[in-house]
Amino acid sequence: MINLKRTIYLSLVAGGLIAGGAALQACEDEFLDRKPLSDLTTANFYTSAEDALAALNAAYDPLQWDVHSRMDWIIGDVVGGDTDKGSTDDQDYIQIRQFQYFTATAGFAELNDWWSQSYDGIYRANLVLERVPDIDMDETLKARILGEAQFLRAQYYFDLVKAFGRVPIITSVLDPEDVFVPRPASVAENWAQIEQDLRDAIEVLPAVYGGGDVGRATKGAAQALLAKSLLWQSTPEGCSETPWATTDQYQEVVDLTSAIINSGNYVLLPDFEGLFLLAGENSPEMVFSVQGVGGTGGWNNENDGLALNQWISPRTANISGWGFSTPIGPNTPENYGGNADIKVNNIYDAFEPCDPRLEYSILEPGDVINGLTYDATWARSGYSIQKFLIPEDELTGAANSPLNIPLIRYADVLLWNAEALNELGRTAEAVESVNKVRARARESMPGATCPLPVPAGISQAELRDLIILERRRELAFEGHRFFDLVRTCRAEEVLNAMGRPFVPGVNELLPIPQAEIDRNPKLQGDQNPGF
């Protein structure tokens with residue numbers, strides 16, 4: 001597994017920041033204040049292959065921060081209606097509840113974290129792409145390093161676009177007087193940059209890695225992120241507009257996902273539950289994951305562990321989580337949180353009772369997990385998330401889990417393939433990919449009787465609905481639900497029925513952080529609609 005050692009390369013990046021002065025792409029002042037600085041500069045550092053790899057590792061590091069450890073589940077799961085802001089009461093981290101009910105404002109620190117940390121990653125990728133070409137080193141390794149940096153830049157831009165829509169495009173290390181960049185006129189410009197980086201990366205990245213390089217971006221990862229980007233630009237029948245839409249590109253989604261499927265490099269892990277344990281974290285089902293390596297320092301210190309476990313694990317006497325994302329189900333109290341519709345279309349009832357993924361994904365009172373009987377006393381909704389819940393003795397401190405966070409799984413690729421095929425009218429072919437996912441779910445528990453194969457003769461419209469439902473079941477609590485609802489124009493109907501006051505034309509995107517608007521004159525007057 002790739003081990004991204006912060007204590008070495010944060011000093012490197014600090015040297016780059018001092019030399020480059022790129023305020024918009026830099027870390028927040030608070031971050032810079034608490035990280036060690038060194039005497040390294042861009043002039044004396046980028047001279048060897050070892051330097052190039054260290055700079056590349058620095059570009060991976062922001063993946064481990066708040067966007068994927070915190071914001072993905074807040075927006076994807078809580079705002080998307082699969083979970084509720086848990087913990088002890090509504091006031092404990094009330095900002096999650098404000099996101100959940102669409103009362104968050106542009107001043108929220110979480111938004112600034114999402115923006116600044118993503119641009120930090122872009123800055124680091126830009127450093128690699130600008131400095132490494134001049135290093136005298138093995139050309140094959142150099143090409144791979146540059147391809148990984150392009151993949152990472154595309155990933156960080158994807159994270160920004162999914163949250164904010166149009167965002168400033170920065171593809172070089174800028175001088176201080178040049179850092180204030182406007183948003184492009186169309187999101188198509190953002191997609192074009194993402195696509196170009198990924199197409200270039202596909203040409204040079206290896207299909208697989210071995211040894212300590214496992215976990216780096218592969219050709220398959222670049223193909224998958226490109227397919228995802230193209231799918232987000234496309235709109236299914238009956239969906240006229242989303243913040244990300246350009247033109248339908250379903251055929252290339254089919255081509256890319258078919259290439260991944262036919263590569264033979266990825267398979268569905270027979271044990272669904274094991275996907276979310278240490279034994280399955282770099283299995284052939286994982287196309288790309290945020291890599292976690294347990295450290296010793298804890299949250300916000302020098303370690304490579306991840307904070308996801310701290311945020312979403314149950315809050316009980318025997319489990320050290322905060323329980324800030326709790327599933328909704330039939331046992332959730334009526335009018336929970338003051339929402340009379342809290343149990344409408346809940347995630348628990350979205351599963352067939354015999355679907356093993358229900359048991360593997362959601363904890364309910366009496367369940368035994370890691371040798372402990374689950375006590376739901378602290379889970380006001382009555383349920384907790386089981387995914388990512390590893391034994392306490394496998395953690396290396398609070399908010400410091402060694403367990404990876406999957407961003408793209410092979411099951412995801414199969415469902416994208418099915419979605420694109422179905423939109424092209426090739427419904428019978430689409431069914432094959434859906435049935436692979438359903439078969440693995442059924443076969444992952446001895447004696448399970450469902451989910452059964454999709455019946456032959458299903459209509460295009462019926463399969464369209466079923467694929468979104470299958471994504472909800474298969475990818476529950478992995479941060480996808482809200483974005484699936486928005487990109488398929490289902491958010492208003494689904495979330496309003498659940499007591500979530502989604503306003504079309506406003507709540508598809510988050511507001512541009514007010515701190516960024518105040519800092520950058522080119523952003524003033526260009527806030528997202530409704531904020």
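Just so it is clear, the values below take in all heavy atoms, side chains as well, and ignore hydrogens, waters and symmetry mates. Since we're looking at a predicted model, the values are computed, not measured.
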Short side-chain to backbone donor-acceptor contact, [X] and [Y], under 3.5 Å:
{"X": "N417", "Y": "T257", "result": "no"}
{"X": "Q98", "Y": "A104", "result": "no"}
{"X": "T83", "Y": "V78", "result": "yes"}
{"X": "N507", "Y": "V503", "result": "yes"}
{"X": "R380", "Y": "S87", "result": "yes"}
{"X": "E516", "Y": "I512", "result": "no"}
{"X": "N339", "Y": "M498", "result": "yes"}
{"X": "D412", "Y": "I408", "result": "no"}
{"X": "D349", "Y": "G329", "result": "no"}
{"X": "D77", "Y": "G479", "result": "yes"}

[Y]/[X] salt bridge by N-O under 4.0 Å criterion:
{"X": "E470", "Y": "R473", "answer": "yes"}
{"X": "R440", "Y": "D271", "answer": "no"}
{"X": "D92", "Y": "R97", "answer": "no"}
{"X": "R166", "Y": "E189", "answer": "no"}
{"X": "D484", "Y": "R472", "answer": "no"}
{"X": "D465", "Y": "R490", "answer": "yes"}
{"X": "D375", "Y": "R315", "answer": "no"}
{"X": "E419", "Y": "R487", "answer": "yes"}
{"X": "D355", "Y": "R438", "answer": "no"}
{"X": "K387", "Y": "E474", "answer": "no"}
{"X": "K343", "Y": "E334", "answer": "yes"}
{"X": "E203", "Y": "R199", "answer": "no"}

Going from [atom1] on [X] to [atom2] on [Y], what distance comes out if it is rounded to the nearest 0.5 angstrom?
{"X": "F531", "Y": "L111", "atom1": "CZ", "atom2": "CG", "result": "8.5 Å"}
{"X": "Q223", "Y": "N265", "atom1": "CD", "atom2": "CG", "result": "9.5 Å"}
{"X": "T326", "Y": "L363", "atom1": "OG1", "atom2": "CG", "result": "12.0 Å"}
{"X": "L230", "Y": "D248", "atom1": "CG", "atom2": "CG", "result": "11.0 Å"}
{"X": "N422", "Y": "Y250", "atom1": "CG", "atom2": "OH", "result": "9.5 Å"}

Fit a plane to each ring of [X] and [Y], take the angle between them on a 0 to 90° scale, and name the class: parallel (under 30°), tilted (30 to 60°) or perpendicular (over 60°).
{"X": "W114", "Y": "F164", "value": "perpendicular"}
{"X": "W311", "Y": "W322", "value": "perpendicular"}
{"X": "F482", "Y": "F102", "value": "tilted"}
{"X": "F388", "Y": "F276", "value": "perpendicular"}

Give a yes or no on this: more than 12 heavy atoms of other residues, nucleotides or ligands lie within 6.0 Å of atom [atom1] of [X].
{"X": "Q193", "atom1": "CD", "answer": "yes"}
{"X": "Q527", "atom1": "CD", "answer": "yes"}
{"X": "K436", "atom1": "NZ", "answer": "yes"}

Test side chain to side chain contact (heavy atoms under 4.5 Å, CB included) applied to Y60 and R216, step by step: CA-CA 9 Å; Y60 275 94; R216 293 186 180 277; 3.4 Å; yes
How close do [X] and [Y] get, counting heavy atoms only, and between which atoms?
{"X": "P356", "Y": "A441", "value": "CG-O, 3.1 Å"}
{"X": "L269", "Y": "S283", "value": "CD1-CB, 3.9 Å"}
{"X": "C489", "Y": "E241", "value": "SG-O, 3.6 Å"}
{"X": "I385", "Y": "P314", "value": "O-CD, 4.3 Å"}
{"X": "P243", "Y": "E508", "value": "CG-CB, 3.4 Å"}
{"X": "I369", "Y": "L389", "value": "CG1-CD2, 3.8 Å"}

Check whether any side-chain heavy atom of [X] sits under 4.5 Å from a side-chain heavy atom of [Y], and report yes or no.
{"X": "V290", "Y": "L407", "value": "yes"}
{"X": "Y119", "Y": "P168", "value": "yes"}
{"X": "F158", "Y": "W191", "value": "yes"}
{"X": "R70", "Y": "D113", "value": "yes"}
{"X": "F108", "Y": "P511", "value": "no"}
{"X": "T427", "Y": "L421", "value": "no"}
{"X": "M286", "Y": "L275", "value": "yes"}
{"X": "Q249", "Y": "E195", "value": "yes"}

Ring centers of W232, F483 separated by less than 6.0 Å: yes
F151 ring center near F288 ring center (under 6.0 Å):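 Ring centres of F288 and F151 closer than 6.0 Å.
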Step-by-step side-chain hydrogen bond (donor to acceptor under 3.5 Å, both in side chains) determination, Q155 to Q150: CA-CA 9 Å; Q155 177 66 62; Q150 287 178 298; over 6 Å; no
Residue pair N282 / Q291, side-chain donor-acceptor N/O under 3.5 Å: yes
Donor-acceptor side-chain pairing of R183 and N528 below 3.5 angstrom: yes
Q117 and Y156: CA distance, side-chain angles, deciding distance, side-chain hydrogen bond (donor to acceptor under 3.5 Å, both in side chains) verdict: CA-CA 9 Å; Q117 292 175 11; Y156 292 124; over 6 Å; no
Audit row: E273, Q386, side-chain hydrogen bond (donor to acceptor under 3.5 Å, both in side chains) steps and yes/no: CA-CA 9 Å; E273 183 181 28; Q386 178 167 332; 3.2 Å; yes
Derivation of the side-chain hydrogen bond (donor to acceptor under 3.5 Å, both in side chains) call for D159 and H68: CA-CA 9 Å; D159 292 336; H68 301 299; 3.0 Å; yes
Y383: which of F477, Y374, Y348 passes ring pair (Phe, Tyr, Trp, His ring centres under 6.0 Å): Y348
Geometric cation-pi criterion, R500 with Y101: 6.0 Å, 45°: yes
